[in-house]
Amino acid sequence: IRDRSPSRGLGDVYKRPIQIWSVLIARGQDLQDSLYNRAQAYLVLRQFPLALADLNQLQKLQQPAVRSNTLVLRGIVHNETGNYQQALADFDQALAIDRNPLVFSNRAIAYQRTGQLAKAEADLQAAVKANSSQSNVYNLGAIQRLLNRYDLCIENAGKVIAANVTFAPAYTLRGMCLYSLGRYEPAIAELLRGTTINRFQPDAYHYLGLSMMALKKSDQANQALLKGADLYL
């Protein structure tokens with residue numbers, strides 16, 4: 001179980017800015033910008049009720065012309081708290097306002113977590129079109145693996161690796177898709193590359209073990225599977 005509370009250092013970084021924004025809000029100065037900025041800080045610190053309270057207040061202030069970024073940020077908060085239906089409603093409303101490109105990568109999370117994988121893929125394709133960042137391309141490949149679109153998954157993982165040869169999860173993703181296609185030797189090569197860069201990847205060891213098992217390398221397979229199990233725990 002991971003402790004997801006903010007580190008003391010991170011809290012210290014935001015303590016002074018939050019104090020400043022709180023004073024401005026109390027005085028009614030730069031009210032909208034201060035509420036938005038403080039909500040972002042609360043989100044980073046995982047203080048979701050406080051972030052949501054600021055964003056709800058901000059939405060009321062912006063009526064009838066609510067800014068799409070306000071709704072996107074609130075949708076992200078709802079994603080983090082598991083309120084996916086409200087998150088989807090916020091993202092849809094933001095998209096209707098001005099086609100905010102930030103909607104796509106964040107709405108895809110809500111679609112994925114509610115089992116709507118085809119819609120998640122469509123959103124990530126739109127996200128990549130708007131911004132072909134490493135995270136967008138990787139996430140698209142990850143969704144395509146869940147949809148059994150393994151060739152596309154391998155292609156997108158390769159794009160990430162071409163842009164950043166040290167991004168270990170992309171090797172792991174490509175190895176997992178190769179395994180699913182029955183290409184065990186190439187899968188092992190990719191998974192070993194991933195674990196060489198970052199040895200704290202339980203999925204990499206799990207699929208490494210499965211690939212080795214498929215090739216009748218039982219001793220090596222057991223070692224990899226046990227390593228993966230240890231990391232999962």
Side-chain angles (χ1 to χ4, degrees), residues 1-117 119-120 122-124 126-127 130-131 133-136 138-139 142-143 146 169 200 202 232-233:
I1 299 172
R2 291 183 299 166
D3 180 3
R4 302 191 70 182
S5 59
S7 67
R8 184 165 186 165
L10 187 60
D12 289 342
V13 167
Y14 283 99
K15 183 177 180 180
R16 182 58 179 161
I18 287 174
Q19 289 175 340
I20 293 171
W21 292 320
S22 297
V23 169
L24 291 173
I25 290 166
R27 293 175 178 173
Q29 296 177 264
D30 297 323
L31 190 53
Q32 291 193 25
D33 286 344
S34 296
L35 282 168
Y36 185 82
N37 291 333
R38 190 172 71 174
Q40 288 188 96
Y42 284 146
L43 176 58
V44 172
L45 295 173
R46 306 189 65 78
Q47 297 180 16
F48 301 127
L50 294 175
L52 189 58
D54 277 357
L55 291 166
N56 287 339
Q57 183 180 350
L58 182 58
Q59 183 192 26
K60 290 178 182 179
L61 288 172
Q62 291 177 345
Q63 294 285 1
V66 180
R67 297 174 188 169
S68 64
N69 280 346
T70 300
L71 294 166
V72 170
L73 192 60
R74 192 171 69 177
I76 294 170
V77 173
H78 285 309
N79 266 349
E80 290 296 316
T81 57
N83 190 359
Y84 301 121
Q85 294 308 314
Q86 186 56 58
L88 288 170
D90 281 341
F91 294 137
D92 289 346
Q93 189 178 347
L95 199 61
I97 292 171
D98 60 7
R99 299 289 297 176
N100 190 321
L102 294 174
V103 166
F104 300 115
S105 57
N106 290 293
R107 190 172 64 177
I109 295 171
Y111 280 143
Q112 179 184 356
R113 292 177 181 173
T114 54
Q116 301 179 72
L117 299 182
K119 289 183 177 181
D123 265 4
L124 285 166
N131 177 14
S133 66
Q134 173 180 293
S135 60
N136 283 342
Y138 173 82
N139 289 334
I143 285 292
L146 296 177
F200 298 103
Y232 278 126
L233 293 173

Return all side-chain donor-acceptor pairs below 3.5 angstrom for residues 18-30, not counting sequence neighbours, or 'none' if the list is empty.
from: Q19; atom 1: OE1; to: R16; atom 2: NH1; distance (Å): 3.4
from: S22; atom 1: OG; to: I18; atom 2: O; distance (Å): 2.7
from: S22; atom 1: OG; to: R38; atom 2: NH1; distance (Å): 2.9

Return the CD1 to CG distance between I97 and L71, rounded to the nearest 0.5 Å.
5.0 Å
Mind jotting down which residue pairs meet the salt bridge (Lys or Arg N to Asp or Glu O under 4.0 Å) criterion with at least one end in residues 92-115? Sequence neighbours excluded, please.
D92-R107, R107-D123
Nearest-0.5 Å distance that lies between atom CG in D54 and atom CG in L43:
11.5 Å
Compare all side-chain heavy atoms of Q112 with those of N139 and state whether any distance is below 4.5 angstrom.
no
With the side chain counted from C-beta on, respond yes when R67 and L58 share a heavy-atom pair under 4.5 Å apart, and no when they do not.
no
Could you give the distance from CD1 (I109) to CZ (F104), rounded to the nearest 0.5 Å?
14.0 Å
Can any side-chain N or O of N136 pair as donor or acceptor with the backbone N or O of N131 at less than 3.5 Å?
yes
Smallest heavy-atom separation, A51 atom then A39 atom, equals CB-O, 3.6 Å
How long is the span from the CG atom in D90 to the CG atom in N83, to the nearest 0.5 Å?
9.0 Å
Decide yes or no for Y84 and N79: does some side-chain heavy atom of the first lie under 4.5 Å from some side-chain heavy atom of the second?
yes
Heavy-atom pair with the smallest gap, counting every atom of V77 and F48:
CG1-O, 3.9 Å
Would you sort out whether H78 and L88 count as a side chain to side chain contact (heavy atoms under 4.5 Å, CB included), showing the intermediate values?
CA-CA 9 Å; H78 285 309; L88 288 170; over 6 Å; no
Rounded distance (nearest 0.5 Å) linking atom CG of L117 with atom NZ of K119
11.5 Å
With side chain to side chain contact (heavy atoms under 4.5 Å, CB included) as the criterion, how do Y42 and L52 come out once you've worked through the C-alpha distance, each side chain's angles and the decisive distance to 0.1 Å?
CA-CA 9 Å; Y42 284 146; L52 189 58; over 6 Å; no
For Q62, check side chain to side chain donor-acceptor pair (under 3.5 Å) against everything at least two apart and list the hits.
Q32, T70
Student check: side-chain heavy atoms of F91 and N100 closer than 4.5 Å
no
